[in-house]
Amino acid sequence: MANLGQAARLIRYVFQDNHVTISTRNINWRAFAARFVPASSKFELSVFDKSTMTEIEINQLGFEHVAALQGRDPKFWIELGVTNVTTVSLAVESEPSTHPLHANIVDWPVSEDERLERAKQLALNLKNDLTVNINTSVKS
Amino acid sequence: MTLANYETYRGNDRQTAATSTHAMRVSNVIRCEIIRFSSSAMGSKFVDVKNAIEKSWIDASQAEWDGPNSVPVSEKTYHKALDFISSFSLVFNQKPSVNPEAEGGIGFDWENENGDSFTVVVREQRLVFSSIMSNGDKERGVVRMRDGKLPPGILVVLSQMFPKR
């Protein structure tokens, strides 16, 4: 799978109310907790390449494609840069089997405390990065 | 009713029965823990934390509760999370925020006024912890919880974050 370029922007859909506090720009590390995927035998975190998508298209992708896969509607989406991910020694890999813009945050450490630290560090870095955009998904 | 509809009906019925058996089991276990903790030293001081642990288990005890490949919180994790906070409440006053997490744990988060953050995730008998301090110091580890005692490493980090005045 090809890695996304450093300039690419990513969208992470969030499904739990308490994973984001918009007023304080607080992103809970749980929004970036990787899951073990048996098919690939590794930890992954699902994201989308923002590419040229507008806000309306991002909402549409969330409420149509992602909601169908997850069985529920997203509560927020977070726009972040690939550099935010690589800064914490993770990588972004294109994985277009379910959608052409789908990608995974990969290279998660095997040890669980290290995975926790990476998720926390990523959430913490995003809080202080003004280029990070947090949106409430609005059904149009 | 066609055969296909009948099968769907029977399927839904079985699913409802399984869900309600699960809910009954969760409710019985919680009732036992309420009795255990009402007579413990933790008393009412940490009652909201205890409630948050209960809510974490209720919200996350079913498979795929947070989407594909998320791991449910087990009953053992729920009991151990209560044991952990019970021991913790004897030593510290700072209440954590509590939420389940996708790898099947119940996570406790503390943050102080300097922006230092500390997380302990209870996953069955393991405590997975990570601290990130505002000065860049980091610490992490995995320890086993023994006899409900708090591991010294966790006590050291929390003492630094919340020094007694």
Side-chain angles (χ1 to χ4, degrees), chain A residues 12-21 24-47 62 66-75 88-89 98 102 104 108-125 127-128, chain B residues 52 55-56 59-60 62-73 77 96-111 113-144 151 153-154 157:
Chain A
R12 166 77 183 151
Y13 293 96
V14 178
F15 293 84
Q16 305 286 337
D17 281 318
N18 54 17
H19 287 181
V20 170
T21 312
T24 55
R25 287 181 57 82
N26 195 39
I27 302 171
N28 191 300
W29 60 268
R30 288 165 182 80
F32 295 103
R35 290 107 207 273
F36 183 74
V37 179
S40 63
S41 295
K42 60 184 183 185
F43 281 87
E44 296 173 351
L45 185 73
S46 182
V47 289
V66 182
L69 287 177
Q70 294 266 338
R72 64 219 162 118
D73 289 340
K75 300 280 171 55
V88 294
S89 305
T98 54
H102 184 250
N104 284 318
W108 292 91
V110 175
S111 67
E112 46 190 343
D113 55 329
E114 248 186 292
R115 277 198 306 280
L116 171 63
E117 188 180 88
R118 298 280 173 94
K120 275 173 69 86
Q121 191 68 70
L122 181 55
L124 202 66
N125 291 354
K127 184 181 178 180
N128 303 319
Chain B
K55 188 177 181 310
S56 294
D59 289 350
Q62 303 260 34
E64 308 222 319
W65 64 276
D66 194 21
N69 301 312
S70 54
V71 180
V73 172
T77 292
S97 60
V98 184
N99 281 295
E101 53 86 42
E103 285 192 49
I106 294 179
F108 299 84
D109 298 284
W110 289 265
E111 214 176 287
E113 55 205 12
N114 301 327
D116 303 329
S117 96
F118 184 53
T119 299
V120 176
V121 178
V122 178
R123 289 188 194 135
E124 304 224 317
Q125 283 191 306
R126 299 186 316 284
L127 300 177
V128 184
F129 65 92
S130 161
S131 65
I132 300 180
M133 303 297 170
S134 50
N135 64 5
D137 287 353
K138 289 180 190 175
E139 223 164 311
R140 60 181 161 76
V142 184
V143 287
R144 282 181 80 81
I154 288 178
V157 176

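So that the names make sense, note that chain A is the first sequence line, chain B the second, and so on, each numbered from 1. Any value given below was found using the heavy atoms of this structure, including those in side chains, with hydrogens, waters and symmetry copies removed.
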Option that, when pairs with chain A are counted at under 4.5 Å, heavy atom only, ranks first among Pro100(B), Ser97(B), Gly105(B): Pro100(B)
Single hit among Leu127(B), Thr119(B), Val122(B) for side-chain contact (heavy atoms from CB on, under 4.5 Å) with Phe108(B): Val122(B)
Arg126(B) side chain vs Glu124(B) backbone, donor-acceptor pair below 3.5 Å: no
Contact winner vs chain B - Glu114(A), Arg30(A), Gln70(A), heavy-atom pairs under 4.5 Å: Arg30(A)
Note, Asp116(B) side chain near Trp110(B) side chain (heavy atom, < 4.5 Å): no
Structural part of Ala119(A) lying under 4.5 Å from a heavy atom of chain B: neither
Phe129(B) backbone acceptor or donor facing Asp113(A) side chain under 3.5 Å: no
Selection from Leu69(A), Asn18(A), Asn28(A) maximising heavy-atom pairs under 4.5 Å formed with chain B: Asn18(A)
Pick from Gly67(B), Ser117(B), Ala102(B), Gly115(B) with the largest number of heavy-atom pairs that fall under 4.5 Å of chain A: Gly67(B)
Main-chain N/O of Val128(B) paired to Arg123(B) side chain as donor or acceptor, under 3.5 Å: no
Part of Glu44(A) lying under 4.5 Å from any heavy atom of chain B: neither
For chain A, the option from Glu103(B), Glu139(B), Glu101(B) that forms the most heavy-atom pairs under 4.5 Å: Glu103(B)
Toward chain B, the part of Leu124(A) with a non-hydrogen atom under 4.5 Å: side chain
Check: Leu116(A) main-chain N/O paired with Arg140(B) side-chain donor or acceptor under 3.5 Å: no
Asp66(B) portion near chain A, given a 4.5 angstrom heavy-atom threshold: both
Portion of Glu117(A) that has a non-hydrogen atom of chain B nearer than 4.5 angstrom: both
Heavy-atom closest contact (Val98(B) atom, Ala52(B) atom, distance): CB-CB, 3.7 Å
